[in-house]
Amino acid sequence: MAMLTAKLTSPPAATTWLPGGGRRSAPPRRATVIRAAAVSYADELVSTAKSVASPGRGILAIDESNATCGKRLASIGLDNTEVNRQAYRQLLLTTAGLGEYISGAILFEETLYQSTTDGKKFVDCLKDQNIMPGIKVDKGLVPLPGSNNESWCQGLDGLASRCAEYYKQGARFAKWRTVVSIPCGPSALAVKEAAWGLARYAAIAQDNGLVPIVEPEILLDGDHAIERTLEVAEKVWSEVFFYLAQNNVLFEGILLKPSMVTPGAEHKQKATPEAIAKHTLTMLRRRVPPAVPGIMFLSGGQSEVEATLNLNAMNQEPNPWHVSFSYARALQNSVLKTWQGRPENVEAAQKALLVRAKANSLAQLGRYTGEGESDEAKKGMFQKGYTY
């Protein structure tokens, strides 16, 4: 798509009248050049976003860093080695029939370049099932100086070249996660830093052919009521879209990964799926343009069943966007516990993945009932101060 430019006509020179009847003309203001938001990959970005935001499908997030993946492996008694990480990724990405329910998979850099033990690239395993490969591009959270013990997300340095390389490797969308903490305020500085960083990343990703997932996660930590979460979420998303527009980001070529609007994890009163759906959709309708194709929610430490029930409640009526999921733990918890690192359990673990993927597919279509779910799937996974 070609870059468009338009010149505005220069206004006439201003005239200042001087004492005694003389006059002085001020120099004319320079003509203003407006650059329309245009991206050479625009058509492809829109097509990719629509593919990920396709009916009955959502995103499998397996972009945990090697350190975080190590914690997952340790929970089932495995060492954090590349061989074990590869084995687990292979289990997930070679599950037959996964593409019926999963439209995209977010990978960590190591996984993007890995292959199966038979030598087939993981990227090709995904493409064979019509699953878009995605890539985590941020460099993690670090303390934000001048804030109330808050964080900011680093990774803009060198991002353009990294995105270009990831595109060559087969990635077609990207993910950048920053966080906002309600117990810490959040401060105006932290909100602005989160929004500006997301906008710069989104513009750079689009410029290199990757659909950016925009993810300002509002952490579940805290004992605040659901109304406070709604207030903060509206503020955060208002700033995010302000800066996305300032950076000429193509809204039709992005995806969002918001937190659901819930009470703080330590709040004394739990909210029903209907209440969470009501508050979350209220926030989205007030802040998110209908041009955005997909809202892919994170689970944020909810139990597998909670995350699915809440998503289902949001799809009981039509929405201007594809309202779906981008889950990590809420798709993988049962899988890990079934697998236990044993080759003989791979098939059973893949079946467990399909059960969770199908449940969330039904929730995206508004048809999930929760019947027959195991007690394990109902266990919450919230961890205070959780890091990725």
Side-chain angles (χ1 to χ4, degrees), residues 58-59 61 150-151 177-186 190-191 194 213-240 255-288 294-317 319 321-333 356 359-360 363-364 366 368-370 373 377-388:
I59 294 174
E150 294 162 289
S151 301
R177 172 187 177 262
T178 192
V179 300
V180 172
S181 169
I182 293 179
C184 290
V191 173
I213 291 181
V214 178
E215 181 185 358
E217 179 177 354
I218 298 170
L219 298 172
L220 279 176
D221 304 67
D223 60 1
H224 49 277
I226 195 169
E227 290 79 13
R228 174 59 178 156
T229 308
L230 175 61
E231 178 186 2
V232 171
E234 288 185 1
K235 172 63 176 174
V236 169
W237 282 104
S238 175
E239 294 252 346
V240 167
L255 297 166
L256 306 187
K257 187 170 179 176
S259 317
M260 296 179 189
V261 177
T262 69
E266 298 164 62
H267 189 62
K268 57 183 179 295
Q269 185 174 350
K270 283 182 69 76
T272 64
E274 292 74 23
I276 290 170
K278 176 184 175 183
H279 286 80
T280 304
L281 291 174
T282 294
M283 182 274 292
L284 293 175
R285 288 166 182 157
R286 288 174 176 172
R287 292 294 181 264
V288 179
I295 315 288
M296 321 299 287
F297 282 101
L298 59 90
S299 55
Q302 301 175 74
S303 74
E304 291 176 325
V305 171
E306 279 179 328
T308 310
L309 284 170
N310 292 337
L311 177 62
N312 185 74
M314 281 184 265
N315 282 296
Q316 293 307 299
E317 56 185 271
N319 293 301
W321 331 269
H322 173 79
V323 175
S324 192
F325 60 93
S326 178
Y327 293 165
R329 286 175 286 173
L331 281 171
Q332 296 181 55
N333 190 50
R356 291 265 45 92
N360 286 291
Q364 197 288 309
Y368 173 74
T369 64
E373 291 283 16
K378 297 175 183 177
K379 291 181 180 179
M381 291 177 279
F382 170 74
Q383 297 178 32
K384 189 172 183 178
Y386 182 77
T387 55
Y388 285 73

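In this chain, numbering begins with 1 at the start of the sequence shown.
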(message) Please determine whether side chain to side chain contact (heavy atoms under 4.5 Å, CB included) holds for the pair R177 and K257, giving the CA-CA distance in whole Å, both sets of side-chain angles, and the decisive distance to 0.1 Å.
(response) CA-CA 9 Å; R177 172 187 177 262; K257 187 170 179 176; over 6 Å; no
(request) List the steps and the verdict of side chain to side chain contact (heavy atoms under 4.5 Å, CB included) for I295 and V288. (result) CA-CA 9 Å; I295 315 288; V288 179; 4.1 Å; yes
(request) Please step through salt bridge (Lys or Arg N to Asp or Glu O under 4.0 Å) for the pair E231 and R287, ending with a clear verdict. (result) CA-CA 12 Å; E231 178 186 2; R287 292 294 181 264; over 6 Å; no
(request) Could you please spell out the steps behind the side chain to side chain contact (heavy atoms under 4.5 Å, CB included) verdict for F325 and R356? (result) CA-CA 12 Å; F325 60 93; R356 291 265 45 92; over 6 Å; no
(request) Apply side chain to side chain contact (heavy atoms under 4.5 Å, CB included) to the pair I182 and D221, showing each step before the final yes or no. (result) CA-CA 7 Å; I182 293 179; D221 304 67; over 6 Å; no
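Atom CG in N310 sits 8.5 Å away from atom OG in S303 (nearest 0.5 Å). Rounded to the nearest 0.5 Å, atoms CD (E217) and OG1 (T178) are 9.5 Å apart. Atom CG of L230 and atom NZ of K278 lie 10.5 Å apart (nearest 0.5 Å). To the nearest 0.5 Å, the span separating NE2 on H267 from NE2 on H224 amounts to 9.0 Å. The distance from atom CH2 of W321 to atom CE of M314, rounded to the nearest 0.5 Å, is 10.5 Å. Expressed to the nearest 0.5 Å, how far CZ of R228 lies from CD1 of I226 amounts to 14.0 Å.
Closest heavy-atom contact between A359 and T308: O-CG2, 3.5 Å. Scanning all heavy atoms of the two residues, the minimum distance from P216 to V240 falls at CG-CG2, 4.1 Å. Nearest heavy atoms, A194 versus V180: CB-CG2, 4.4 Å. Looking at every heavy atom in both residues, M260 comes nearest to L311 through CE-N, 4.2 Å. Counting all heavy atoms, side chain and backbone alike, A233 lies closest to V261 at CB-CG2, 4.4 Å. Here the closest heavy-atom approach between residue E304 and residue A330 is recorded as CG-O, 3.4 Å.
With N315 contributing its side chain and V323 its backbone, the two residues share a donor-acceptor pair below 3.5 Å. A donor-acceptor pair is defined here as one N or O able to donate and one able to accept, closer than 3.5 Å; such a pair exists between the side chain of T280 and the backbone of I276. In this structure, the side chain of S259 engages the main chain of I218 through a donor-acceptor pair within 3.5 Å.
Residues L256 and F297 fail the side-chain proximity criterion, which asks for heavy atoms closer than 4.5 Å. Side-chain contact between S326 and L298: absent, with no pair of heavy atoms (C-beta onward) separated by less than 4.5 Å. N360 has its side chain within reach of L331: a pair of non-hydrogen atoms, C-beta onward, lies under 4.5 Å apart. Annotation: side chain of Q302 is not in contact with side chain of Y327 (no heavy-atom distance under 4.5 Å). A heavy-atom distance below 4.5 Å is not found between the side chains of N312 and P273. Residues L220 and T229 are not in side-chain contact: their nearest non-hydrogen atoms beyond the backbone lie 4.5 Å or more apart.
A donor atom on one side chain and an acceptor atom on the other are found under 3.5 Å apart for H322 and Q364.
Under the side-chain hydrogen bond (donor to acceptor under 3.5 Å, both in side chains) criterion, Q332 pairs with E64, Y88, sequence neighbours left out. In this structure, the salt bridge (charged side-chain N to carboxylate O under 4.0 Å, His left out) partners of E239, at least two apart in sequence or on a different chain, are K235.
Under 4.0 Å is where a charged nitrogen must lie from a carboxylate oxygen, and between E306 and R329 no such pair does.
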